[in-house]
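Here the structure is laid out as structure tokens; the discussion comes afterwards.
Computed from a prediction, not measured in an experiment: that's the story for all the values here. Only heavy atoms go into these numbers, but all of them, side chains included; no hydrogens, no water, no symmetry mates. Whatever order the structure lists them in is the order used to number ligands and atoms, beginning at 1.
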Amino acid sequence: MAQFIDGEVRAASTGERAWVCDPSTGDRVAEADLGGPADVDAAVAAAKRAYAEWSRATPSERSAALTKLAAELDARGAELAEVESRQAGKPIRLATEFDVPGTIDNTAFFAGAARHLDGLASAEYSPDHTSSIRREPVGVVGSVAPWNYPLQMAAWKILPAIAAGNTIVLKPAENTPLTSIMFAEATAAAGIPAGVINIVVGTGPVAGAALLRHRDVAMVSFTGSTRVGRTVLEAAATTAKRVHLELGGKAPFVVHDDADLEAAVHGAVAGSLINTGQDCTAAARAIVHRSRYVEFVAGVADLYAGVRLGATADPATDLGPLISMAHRERVASIVDRARAYARVVTGGAPPEGLDAGSYYLPTLIADVAPGQEAWTDEIFGPVLTVTAFDDDEEAIALANDTAYGLAASVWTRDVYRALQATARIQAGCVWVNDHIPIISEMPHGGVKQSGFGKDMSAYSFEDYTSVKHVMYDRTGVAAKPWHRTIFGIDE
Ligand code: NAD
């Protein structure tokens, strides 16, 4: 599997290759070329050339192309789901029912968004001028994406950018590049011109760094860890690029004493185990009223015990492996250290009989206190911590006791509590009596060290445009009244 540059699949200039492996078996899926700075240069040059025409396409032309793309993706849905499942170790049910339909729906959404350019009405905001707003694309966008939802992350980066008239070079994660290339091939089949979308497969420090520093890249959009996000900001500073960052999370899951406990327990299990917990919005810190604590812990432990780990191609499998053995070791080491300060109620080990894959049991750690490693660090695995609270103020303080601010949920039947929590919890999204659902019309993105900028929705489309003020003199007068502030006062 190679690079997708200027409308064609090409070998990388470096001659370097790496295997994409199925995390559930360790089997080799495909060999990926690893591109370097020369490939980034070629891709950015193609994007720059294509920009001249694509940025001038009418909204309806771009919309029509995206509508065709949605149909192309739909036609390839089963294949996309299968490849996504194999490269990322996702249960096929998740890939089929979430990743692929989500991507198609996003494409259809941006086909519509392309035709909605918002701005203030043209008007005479000064008596002597007519002002109007132009909403324009930014230029060549350089995007870097993570491995946890490779197809959706590629779509979240590419779609708003091209709907707005930008062209793009995307670097997917080097261990999960396959569906990004397939997505790009679908764009070619949909008639989107060569150079509008380019994919450079390569490692972060080589291809990623070259892309983020490229002088012809006007905007960088990055999804990944907060650690790498900081280097993105530094790289962007070299030419003052616009920056869009979707970083880590450590979502609180607040359960009040009046909550429907059965719903909260189901929500905690689904919210913490989605994508094997490798989800930036996953429920990570359950913060539970002391009066419901024992019941909650027992309920989650009970449902965790029934979760089926197994072959990712089996539609009955609920939970797939972690992305790699190395990542499993990291998750396991955090859980093992937690035994010294908290109570591992269930899990905390790989399952038996799935030794070739990087599987890890659903893990519940109770009695975790603020400041401890399992409370502060993003674990990015099937691990939920539980902490007790006594009153509403404490619940909100605990929810906000994190460097992150991506997502949160509150579980209560009390409308006033829900209103307080949704207003005061610092996060890009707060769910009430649910945790995880996303929707194309609504924004996804964080505050604090979870980054800034939005994915999906009209807000994301806006992030990929710049607003230009055009001001027309309507007096035809040479000596305009305002000139007196500068020169020519007689008295
Ligand atoms: P990561 O930061 O290690 O890697 C993300 C991407 O950055 C990869 O493509 C990688 O190759 C590239 N990269 C690494 N070093 C780089 C460098 N020096 N210069 C340029 N690029 C570089 O993250 P990951 O482990 O792939 O993904 C997991 C992280 O992503 C988690 O922290 C998760 O919360 C976050 N995430 C956030 C969102 C969101 O919307 N906020 C969504 C998904 C994942």
Side-chain angles (χ1 to χ4, degrees), residues 18 20 23 32 34-37 40 87-88 99 102 106 142-157 160 169-177 180 199-214 217 220-236 238 241 243-251 274-284 322-324 326-328 330-331 377-381 402-407 427-429 436 438 442-457 459-460 463:
V20 174
L34 295 180
V40 169
Q87 70 171 354
D99 296 87
N106 249 272
S143 290
V144 172
W147 46 260
N148 60 341
Y149 291 102
L151 177 64
Q152 293 203 82
M153 293 303 106
W156 288 12
K157 300 284 166 221
V169 179
L170 171 81
K171 191 206 82 64
E174 54 274 32
N175 48 347
T176 57
S180 300
I199 311 286
V200 174
V201 179
T203 66
V206 178
L211 177 60
L212 298 173
R213 288 188 178 275
H214 203 289
V217 167
V220 296
S221 76
F222 172 81
T223 298
S225 61
T226 299
R227 180 183 61 81
V228 178
R230 289 190 198 104
T231 70
V232 176
L233 275 173
E234 281 168 15
T238 54
K241 301 178 196 314
V243 182
H244 188 276
L245 294 178
E246 300 290 352
L247 308 177
K250 187 76 181 173
I274 183 165
N275 210 37
T276 316
Q278 301 165 120
D279 183 308
C280 47
T281 62
L322 289 158
I323 190 68
S324 64
H327 185 48
R328 181 173 76 178
R330 189 186 157 270
V331 170
D377 287 24
E378 187 182 36
I379 302 175
F380 227 53
T402 170
Y404 297 110
L406 190 58
C429 171
I436 289 298
I438 52 174
M442 287 290 151
H444 167 93
V447 297
K448 295 161 75 177
Q449 290 189 35
S450 291
F452 44 80
K454 299 295 178 190
D455 283 328
M456 307 197 294
S457 80
Y459 298 98
S460 148
D463 284 349

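Under a 4.0 Å criterion applied to the non-hydrogen atoms of N148, ligand 1 contributes the atoms 43 (C), 44 (C). Within the listing of ligand 1, atoms 11 (O), 12 (C), 13 (N), 14 (C), 15 (N), 16 (C), 17 (C), 19 (N), 20 (C), 21 (N), 22 (C) sit less than 4.0 angstrom from a heavy atom of G204. Within ligand 1, the atoms closer than 4.0 Å to a non-hydrogen atom of H444 are 39 (C), 40 (O), numbered from 1 in the order shown. Heavy-atom contacts of E174 reach the following atoms of ligand 1: 10 (C), 11 (O) (cutoff under 4.0 Å). Each of the following atoms of ligand 1 lies closer than 4.0 Å to a heavy atom of F380: 28 (C), 31 (C), 33 (C), 34 (O). Using a 4.0 Å cut-off to heavy atoms of L212, the atoms of ligand 1 that qualify are 20 (C). The distance from ligand 1 to the heavy atoms of A173 drops below 4.0 Å at these ligand atoms: 9 (O). For ligand 1, the atoms sitting less than 4.0 Å from at least one non-hydrogen atom of V144 are 6 (C), 7 (O), 9 (O), 12 (C), 21 (N), numbered in the order shown with element in parentheses.
If you check each of E378, E246, R227, Q278 against atom 34 (O) of ligand 1, the one with the closest non-hydrogen atom is E378. Between atom 29 (C) of ligand 1 and the options P205, G142, G224, P177, the minimum heavy-atom separation is to G224. With distances taken over non-hydrogen atoms, the option nearest atom 5 (C) of ligand 1 out of V228, V232, T223 is T223.
To the nearest 0.5 Å, atom OG1 of residue T176 and atom CD1 of residue I323 are 6.0 Å apart. The OH atom of Y149 lies 8.5 Å from the CD atom of Q278; values are rounded to the nearest 0.5 Å. We find the CG-CG distance between L233 and L212 to be 10.5 Å, quoted to the nearest 0.5 Å. To the nearest 0.5 Å, atoms OG (S221) and CG (D455) are separated by 7.5 Å. Atom CG of L151 is separated from atom CG of D99 by 6.5 Å, given to the nearest 0.5 angstrom. The OG1 atom of T223 lies 6.0 Å from the CE atom of M153; values are rounded to the nearest 0.5 Å.
Of the heavy atoms in L247, only backbone atoms (N, CA, C, O) come closer than 4.0 Å to ligand 1. Of the heavy atoms in L406, only side-chain atoms (C-beta onward) come closer than 4.0 Å to ligand 1.
Between G451 and ligand 1 there is no heavy-atom distance shorter than 4.0 Å. Contact between Y149 and ligand 1 is absent, with no heavy atom of the residue lying under 4.0 Å from the ligand. Between G446 and ligand 1 there is no heavy-atom distance shorter than 4.0 Å.
The shortest contact between atom 36 (N) of ligand 1 and any protein heavy atom is with C280 CB, 3.7 Å. The nearest heavy-atom contact from the protein to atom 27 (O) of ligand 1 is P146 CB, 3.4 Å. Of the protein's non-hydrogen atoms, S225 OG, 2.6 Å is the one closest to atom 2 (O) of ligand 1.
At a threshold of 4.5 Å between non-hydrogen side-chain atoms, the residues V228 and F222 count as touching. With a 4.5 Å cut-off on side-chain heavy atoms, I199 and P172 count as touching. Contact of the N175 side chain with the S324 side chain is not registered, since no non-hydrogen atoms from C-beta on lie closer than 4.5 Å.
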Scan the side chains in residues 444-454 for donor-acceptor partners under 3.5 Å anywhere in the protein, sequence neighbours excluded, and list what turns up.
unit_1	atom_1	unit_2	atom_2	d
K448	NZ	N400	O	3.2
K448	NZ	T402	O	2.8
K448	NZ	Q426	OE1	3.1
Q449	OE1	R230	NH2	2.9
S450	OG	G248	O	2.6
S450	OG	G405	N	2.9
S450	OG	L406	N	3.3
K454	NZ	G445	O	3.2

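Taking the salt bridge (charged side-chain N to carboxylate O under 4.0 Å, His left out) definition, one finds that K241 meets it with nothing, sequence neighbours left out.
The shortest N/O to N/O separation between D455 and ligand 1 does not fall below 3.5 Å. Residue contacts with ligand 1: A145 is placed with a nitrogen or oxygen under 3.5 Å of a nitrogen or oxygen of the ligand (distance criterion only). For a threshold of 3.5 Å applied to N or O pairs, the pair formed by W147 and ligand 1 contains at least one separation below that value.
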Exercise. Should L322 and V331 be marked as a side chain to side chain contact (heavy atoms under 4.5 Å, CB included) after you check the CA-CA gap, both sets of side-chain angles, and the distance that decides it?
Worked result: CA-CA 9 Å; L322 289 158; V331 170; 4.1 Å; yes
For this session: Please assess V40 against V169 for the test side chain to side chain contact (heavy atoms under 4.5 Å, CB included), listing each intermediate value before the final yes or no.
Result: CA-CA 8 Å; V40 169; V169 179; 5.6 Å; no
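Between N106 and M456, the shortest heavy-atom contact is ND2-SD, 3.6 Å.
Distance remark: protein heavy atom present below 4.0 angstrom from atom 11 (O) of ligand 1.
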